Amino acid sequence: AMDNKDAEAEIHPLKTEDVKAQENHENFVERRIIIKQSSQLSRLSRWRTAAFFISLFLCLIIVFAFSFIIPCPERPISERTWFQYYENAVAYQFLAIEDVDKDKVQDVIFAFRASNGSSNFNHTCLDEGLPSPCAFLAAVSGKNGTVLWEKPAAKEVEWMQCGIEQLGEASEPGCLVVGKPASLTALNQTGDVQWRHSNDFGANYTVLTPLSVIPDVDSDGVQDLIIFVATGDKIKTFIHSGRNGNEIGSTESHSMGGKAHYISLNVGSSSYFLFYTGNSVYAYSLKELYSAATGMENSLPSLEQDPLWERNIDPTTHRFYLPRHGVTSCSGDIHYLAKIPGASRDNVLVVNSEMATLINPQNLQTLWTLNVSRVMSEPRLGYYKPDVLGVVLESEIGPNRKKVMIVEGGSGAVQWDLKLNSRAESPGLATLSTADHRSTFLIWGEYNVAGNETVESCWLQGSTAPQQKLYLFHPSYTNVLLELRNNTDQIIAFSAALFERSRHACYVLLTGPQPGEEPGLVSLMKRKLKEDVSESKVIWLSQVAVDSEQYIRDRLYRMRFHSRV
């Protein structure tokens, strides 16, 4: 075989050289491909390494920036309890909770009457051309109780209402003070007077509250105000510009059959005002009131009239008939009308001397009725079941005795009730929304623990006034009350709120003498609810104790709150 190869090479020498050359070329190509692939892999590996280190460097820069350079937003530090005192003063029954200084903590606005303000501002009544003593409006920081501003507002305060959008040129909510002698004063959240307007409400008048905000009827870009004033059995209507306080049109009077109260209500795209006296209900559309005051028509959608409602309004007397609910416009001792939010509209709760009835204003049909007598305060709202709105009713059941009922808003079923001893001047209850989509209920009164029959007998005979105790109830423990505090001072106003979004649940107490009493020490207090919960007394409403008292205190102490939209 070797001989044959050698012979072949000798016979074809060029062919042999070509084969070797081809083999060498193939080997060279293969080596170049391998070298090229190795070079590409090497470059790709370098790019990957560079990208990794660049990403790591950027991450370190971001972490460093957020940790040391860019300051984290500081959560406001609020004192758990603070007091503000005014000597030789009397306090009015108004409390407003608003964020005045924009620090994301709610502040307290209230009114008092004195010759001078606090020593921090040293304002006098003469600064605003008012006789001394006069009524001051003051804003107090919710964080630490320092006075943010004080302003002499009127000789006397008839009514104060805050949170009104667009008063004057201010783009933020403000306060409107109805003073005596009759005057209107609009202030912004920094205490600056936006406008002041004198009125002639007549003699022996009473302003119906709350005041109502209506759409911009004078086309100046700011919503307007409608004010109802009762003089005897007549109601006077005043429409004022929200921009400058000037009266729009003229004053109109409407006859009522006695001392009247009112609510405003939207029926579809129409706006109505329902006035109720002891035994009658009267209805006026905003369109009719505006036309009567100005003598002009207005094409605003809210000034339309609802055909069904117009058919139920007597064209001469304006008495309104509410059919199928047990109380006609001419019978039944009506105590309260209240708006109760529904799924897509506000319903109307009619409370008379014997029952409470919820009515759908769109079709005037009865949704439910509940037998309840002698309701002693305006209905309040709260959540006994998660996201199911309830109505809280307080009714008198005897001398110095009341019954608190939580009624399901959709069906009228009683979900929970409690009997308490109570003073006639005890504050109304308050509710706070919790993170479990229910409510905490803060109730004033004195619970009669089993075995205190002698004390209860004294209360029923009126010889001993019940104490003013504040209780906390949460639906997670239906048989438990927490006694938070026993207050001995005269309470002028009481309110509860979340001073920060979804946290810092507090209550506010305004105590001291009222107008008509001798001036004395006025005290404004804010207290964090948890401070009282940790030291509270557990009261069992039944003999069944499901948990230890300390466990209940700890659990309710850890309870979280929620700011509903």
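Keep in mind that what you see is a predicted model, and the values were worked out from it rather than measured. Heavy atoms only: backbone and side chains are in, while hydrogens, waters and symmetry mates are out.
- Closest heavy-atom contact between M160 and V177: CG-CG2, 4.3 Å.
- Scanning for side-chain hydrogen bond (donor to acceptor under 3.5 Å, both in side chains) contacts around H261 gives an empty result, with sequence neighbours left out.
- Taking both residues in full, the closest heavy atoms of V90 and P519 are given as CG1-CA, 3.9 Å, listed atom of the first, atom of the second, then distance.
- What you find for P341 and L389 is that their closest heavy atoms are O-CD2, 3.5 Å.
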- Task: Just do the side chain to side chain contact (heavy atoms under 4.5 Å, CB included) check on Y272 and I313 with the steps written out, would you?
- Result: CA-CA 11 Å; Y272 280 86; I313 298 175; 4.0 Å; yes
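- Looking only at side-chain heavy atoms (C-beta outward), W309 and F320 come within less than 4.5 Å of each other.
- Counting heavy atoms from C-beta on, the side chains of N188 and L167 never come closer than 4.5 Å.
- Put simply, the residue from F201, F228, Y205 that forms a ring pair (Phe, Tyr, Trp, His ring centres under 6.0 Å) with F238 is F201.
- Contact check on R503 versus E500 returns a salt bridge, with a Lys/Arg side-chain nitrogen under 4.0 Å from an Asp/Glu carboxylate oxygen.
- Looking at residues two or more places apart in sequence or on another chain, you find no salt bridge (charged side-chain N to carboxylate O under 4.0 Å, His left out) involving D101.
- Aromatic ring orientation, F494 versus Y507: tilted (interplanar angle from 30° to 60°).
- Under the side-chain hydrogen bond (donor to acceptor under 3.5 Å, both in side chains) criterion, H123 pairs with no residue at all, not counting sequence neighbours.
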- Could you please spell out the steps behind the side chain to side chain contact (heavy atoms under 4.5 Å, CB included) verdict for I226 and Y290? CA-CA 9 Å; I226 188 166; Y290 173 81; over 6 Å; no
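- Legend: residues meeting side-chain hydrogen bond (donor to acceptor under 3.5 Å, both in side chains) with D218, ordered by chain and number and at least two apart, are S241.
- The ring-ring contact (aromatic ring centres under 6.0 Å, His included) check on H318 picks up Y284, with sequence neighbours excluded.
- Nearest heavy-atom pair across D99 and Q106 is N-OE1, 3.5 Å.
- Here the closest non-hydrogen pair linking Q468 and D489 is NE2-O, 3.2 Å.
- For the pair L442 and L429, the minimum side-chain heavy-atom distance is 4.5 Å or more.
- For residues 158-168, the side chain to side chain donor-acceptor pair (under 3.5 Å) pairs, not counting sequence neighbours, are E158-K180, W159-Q161.
- Checked by atom type and distance alone, the side chain of D107 pairs as donor or acceptor with a backbone atom of V100 at under 3.5 Å.
- Screening residues 164-188 for ring pair (Phe, Tyr, Trp, His ring centres under 6.0 Å), with sequence neighbours left out, gives no hits.
- At a threshold of 4.5 Å between non-hydrogen side-chain atoms, the residues V213 and L225 count as touching.
- Within a 6.0 Å radius of CZ in R80, other residues, nucleotides and ligands contribute 12 heavy atoms or fewer.
- Separating the OG atom in S264 from the CG atom in L286 is a distance of 10.0 Å, to the nearest 0.5 Å.
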- Message: Let's go through R374 and S395 carefully: what are the C-alpha distance in whole Å and the side-chain angles of both, what is the deciding distance for side chain to side chain donor-acceptor pair (under 3.5 Å) to 0.1 Å, and is it a yes or a no?
- Response: CA-CA 5 Å; R374 295 186 290 181; S395 60; over 6 Å; no
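- No side-chain donor-acceptor contact under 3.5 Å links N400 and R423.
- A distance of 13.0 Å separates OG in S536 from CZ in R485, rounded to the nearest 0.5 Å.
- Counting heavy atoms from C-beta on, the side chains of P173 and Q189 come closer than 4.5 Å.
- Every residue two or more places apart in sequence or in another chain that forms a ring-ring contact (aromatic ring centres under 6.0 Å, His included) with F110 is listed here: Y86, F112.
- In this structure, the separation between CD1 on I227 and OG1 on T209 is 11.5 Å, given to the nearest 0.5 Å.
- Within a 6.0 Å radius of CD in E378, no more than 12 heavy atoms belonging to other residues, nucleotides or ligands are found.
- Put simply, the side chain of Y447 never gets that close to the backbone of L481: no donor and acceptor are under 3.5 Å apart.
- Within 6.0 Å of CD on E425 lie more than 12 heavy atoms contributed by other residues, nucleotides or ligands.
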Distance-only donor-acceptor pairs under 3.5 Å for side chains of residues 124-142, two or more places apart:
from, atom 1, to, atom 2, distance (Å)
T124, OG1, D127, OD1, 3.2
T124, OG1, D127, OD2, 3.4
D127, OD2, T124, N, 2.9
E128, OE1, R196, NH2, 3.3
S132, OG, S115, OG, 3.4
S141, OG, K143, N, 3.2
S141, OG, N144, OD1, 3.4

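- Within a 6.0 Å sphere centred on CG of D200, other residues, nucleotides and ligands contribute 12 heavy atoms or fewer.
- The side-chain hydrogen bond (donor to acceptor under 3.5 Å, both in side chains) search around Q490 returns E517, not counting sequence neighbours.
- No salt bridge links R401 with E396; every basic N to acidic carboxylate O contact stays at or beyond 4.0 Å.
- Under a 3.5 Å cut-off, the side chain of R243 and the backbone N or O of D220 do form a donor-acceptor pair.
- Around NZ of K155, the count of heavy atoms belonging to other residues, nucleotides or ligands within 6.0 Å does not exceed 12.
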- Query: After noting the C-alpha distance and the side-chain angles of N246 and I248, does the key distance pass the side chain to side chain contact (heavy atoms under 4.5 Å, CB included) rule?
  - Reply: CA-CA 6 Å; N246 292 335; I248 300 172; over 6 Å; no
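- The distance from the NZ atom of K104 to the CZ atom of R501 is 11.0 Å, given to the nearest 0.5 Å.
- The heavy-atom pair separating P361 from L265 by the smallest distance is CB-CD2, 3.8 Å.
- For the pair V350 and Y276, the minimum side-chain heavy-atom distance is 4.5 Å or more.
- Between E304 and K287 the shortest side-chain heavy-atom distance does not fall below 4.5 Å.
- Rounded to the nearest 0.5 Å, atoms CG (L524) and CD1 (I492) are 12.0 Å apart.
- Screening residues 498-534 for disulfide (SG to SG under 2.5 Å) gives no qualifying pairs among residues at least two apart or on separate chains.
- Note that CD1 of I214 is 10.5 Å distant from NE2 of H240, once rounded to the nearest 0.5 Å.
- Not one N or O on the side chain of E252 forms a donor-acceptor pair closer than 3.5 Å with the backbone of S291.
- For R438, the salt bridge (charged side-chain N to carboxylate O under 4.0 Å, His left out) partners at least two apart in sequence or on another chain are D436.
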- Message: Apply side chain to side chain contact (heavy atoms under 4.5 Å, CB included) to residues K526 and F499 and explain how you reach the verdict.
- Response: CA-CA 10 Å; K526 184 211 79 171; F499 272 61; 3.7 Å; yes
